[in-house]
Amino acid sequence: FMSGKETYSYFFQRGFTKEDLKKFKIGRDTDNKTITIPVFNQEGNLVGVIGRYIAKNRKKNQRYKIYWDFNRGNYLYPLDKVEVKNGTVIIVEGQFDAIRMHSMGFTNTLAMMTGSLSRPQAKWLLQNCTTVIWLGDNDDRGIEGREKSRELLKGKIDFKVVEYPDEGKDVCDWSKEEVSLMLSGAHSEGLATRGSIKRMS
């Protein structure tokens, strides 16, 4: 996969850098036309690879290709690089979201790689942190995933939600300042509302 050495231009068009490519060992599968993202466990051992189809070459409307029957629900991403801060972990949906958060300095971020937390993922969180800040996608599917995840962790951990900007679906659409504002206003009571923070110029 040329991990950490070469990938498709799409990766850089999304705003990522060569440093991101090297740090997260991003590569490419020339046969399937996917950007390859290796997934490691907390000990740094490779457990699977996820391929992100390039939009114009997407097969059968699929966004991802899972290699080696890898079960995304068994792991969070990137477990080998996460730094839990003050007992807090920020949860996002996809690997690109997690990479963007780490590049902005929010290294206590983990991606579910699915729409909502699984039981193995919830177990890891309960063993390693006391607070979760939900920063999933700002769309109907993301809101649904948030509520399923909240219910899974209910009464076991401090589950915080944020107020979303008026524009943008996920952290790849928001600036560091916007993300910082969202995180600083994270709260445990009530539900996050869509479009309650004005987009910063």
Side-chain angles (χ1 to χ4, degrees), residues 1-42 44-83 89-116 121 134-139 141-142 145 164-165 167-180 182-183 199-200:
F1 298 139
M2 296 296 291
S3 298
K5 298 179 181 180
E6 185 177 324
T7 190
Y8 293 99
S9 59
Y10 174 80
F11 180 76
F12 302 109
Q13 292 168 0
R14 291 294 302 272
F16 296 104
T17 66
K18 289 185 179 180
E19 287 69 27
D20 295 326
L21 179 152
K22 294 176 182 177
K23 181 177 180 179
F24 292 92
K25 296 181 173 60
I26 306 301
R28 68 176 185 175
D29 175 353
T30 55
D31 291 333
N32 291 284
K33 300 295 189 296
T34 65
I35 293 173
T36 56
I37 308 171
V39 179
F40 300 88
N41 62 17
Q42 198 166 3
N45 299 314
L46 181 68
V47 294
V49 175
I50 296 177
R52 172 70 178 264
Y53 284 109
I54 299 173
K56 64 181 180 181
N57 292 316
R58 189 178 297 175
K59 296 183 177 180
K60 299 180 181 178
N61 294 320
Q62 292 179 320
R63 293 185 66 189
Y64 299 101
K65 175 178 176 59
I66 310 301
Y67 295 86
W68 311 321
D69 295 324
F70 166 58
N71 187 344
R72 291 176 290 177
N74 287 337
Y75 300 94
L76 292 157
Y77 175 88
L79 283 175
D80 59 318
K81 293 178 175 61
V82 69
E83 299 174 356
V89 166
I90 304 164
I91 292 294
V92 295
E93 289 192 22
Q95 299 99 308
F96 277 7
D97 298 330
I99 294 171
R100 177 59 54 80
M101 288 289 284
H102 278 249
S103 70
M104 290 192 292
F106 304 107
T107 54
N108 58 329
T109 300
L110 287 169
M112 302 175 292
M113 302 184 284
T114 54
S116 61
Q121 292 169 340
W134 180 269
L135 199 58
D137 289 1
N138 183 23
D139 57 16
R141 183 171 178 269
Y164 292 109
E167 299 179 27
K169 189 189 78 169
D170 56 43
V171 298
C172 289
D173 297 325
W174 301 317
S175 67
K176 182 177 180 178
E177 291 73 21
E178 286 176 309
V179 172
S180 295
M182 294 162 69
L183 295 175
R199 188 168 183 84
M200 302 174 69

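Not measured: the values here are computed from a predicted model.
- Evaluation of the salt bridge (charged side-chain N to carboxylate O under 4.0 Å, His left out) rule for Asp137 yields Lys169 as partners, not counting sequence neighbours.
- Using a 4.5 Å heavy-atom cutoff, the side chains of Ile26 and Phe16 are not in contact.
- In this structure, Asp20 and Phe11 approach most closely via the heavy-atom pair CB-CZ, 4.1 Å.
- Nearest heavy-atom pair, Ala111 versus Gly94, reported as atom, atom and distance to 0.1 Å: CB-O, 3.2 Å.
- Listed by chain and number, the residues in a ring pair (Phe, Tyr, Trp, His ring centres under 6.0 Å) with Tyr8 amount to none (sequence neighbours excluded).
- Nearest approach of Trp174 to Val179, heavy atoms of both residues: CB-CG2, 4.1 Å.
- Residues Gly168 and Asn138 approach most closely at O-ND2, 3.7 Å, considering heavy atoms.
- Leu183 CG to Asn108 CG: the interatomic distance, rounded to the nearest 0.5 Å, is 8.0 Å.
- For the pair Leu110/Gln121, no side-chain contact is recorded, criterion being any heavy-atom separation below 4.5 Å from C-beta on.
- For Thr36, the side chain to side chain contact (heavy atoms under 4.5 Å, CB included) criterion is met by Phe1, Asp29, Thr34, Val49, Tyr67, not counting sequence neighbours.
- Ile66 is listed as a side-chain neighbour of Ile50, based on a closest heavy-atom distance under 4.5 Å.
- When the ring pair (Phe, Tyr, Trp, His ring centres under 6.0 Å) test is applied to Phe12, no partner is found at least two apart in sequence or on another chain.
- At a threshold of 4.5 Å between non-hydrogen side-chain atoms, the residues Phe96 and Asp170 do not count as touching.
- Here Gln13 pairs with Ser9, Tyr10 under the side chain to side chain contact (heavy atoms under 4.5 Å, CB included) rule; sequence neighbours left out.
- Shown here for Gly145 and Ser116, the closest heavy-atom pair between the two residues is O-CB, 3.5 Å.
- For the atom pair CD1 of Ile37 and OH of Tyr64, the computed distance is 7.0 Å after rounding to the nearest 0.5 Å.
- Annotation: the span from Ile99 atom CD1 to Thr109 atom OG1 amounts to 12.0 Å, rounded to 0.5 Å.
- Qualifying side-chain hydrogen bond (donor to acceptor under 3.5 Å, both in side chains) partners for Thr107, counting only residues two or more places apart in sequence or in other chains: Glu83, Lys85.
- Partners of Thr30 under the side-chain hydrogen bond (donor to acceptor under 3.5 Å, both in side chains) rule, at least two apart in sequence or in another chain, do not exist in this structure.
- Going from atom CD1 of Ile35 over to atom OG1 of Thr7 covers 4.5 Å, rounded to the nearest 0.5 Å.
- Among residue pairs with one or both ends in residues 2-13, those qualifying as salt bridge (Lys or Arg N to Asp or Glu O under 4.0 Å) are Glu6-Arg28; sequence neighbours excluded.
- Not counting sequence neighbours, Asp69 has no partner by the side chain to side chain contact (heavy atoms under 4.5 Å, CB included) test.
- Looking at Asp173 and Glu167, their side chains never come closer than 4.5 Å, going by heavy atoms from C-beta outward.
- For the atom pair NZ (Lys33) and CD1 (Ile54), the distance works out to 8.0 Å, reported to the nearest 0.5 Å.
- A distance-only check finds a donor-acceptor pair linking the side chain of Lys176 to the backbone of Met104 [under 3.5 Å].
- Considering only residues two or more places apart in sequence or on other chains, Lys81 meets the side chain to side chain contact (heavy atoms under 4.5 Å, CB included) condition with Lys23, Phe24, Pro78, His102.
- Among residues at least two apart or in separate chains, there is no side chain to side chain donor-acceptor pair (under 3.5 Å) pair with a member in residues 91-100.
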### Task
Start with the C-alpha gap between Phe106 and Val92, add the side-chain angles, then the distance that decides, and say whether side chain to side chain contact (heavy atoms under 4.5 Å, CB included) holds.
CA-CA 11 Å; Phe106 304 107; Val92 295; over 6 Å; no
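- Looking at Tyr75 and Phe40, their side chains never come closer than 4.5 Å, going by heavy atoms from C-beta outward.
- Shown here for Asp80 and Asn41, the closest heavy-atom pair between the two residues is CB-O, 3.6 Å.
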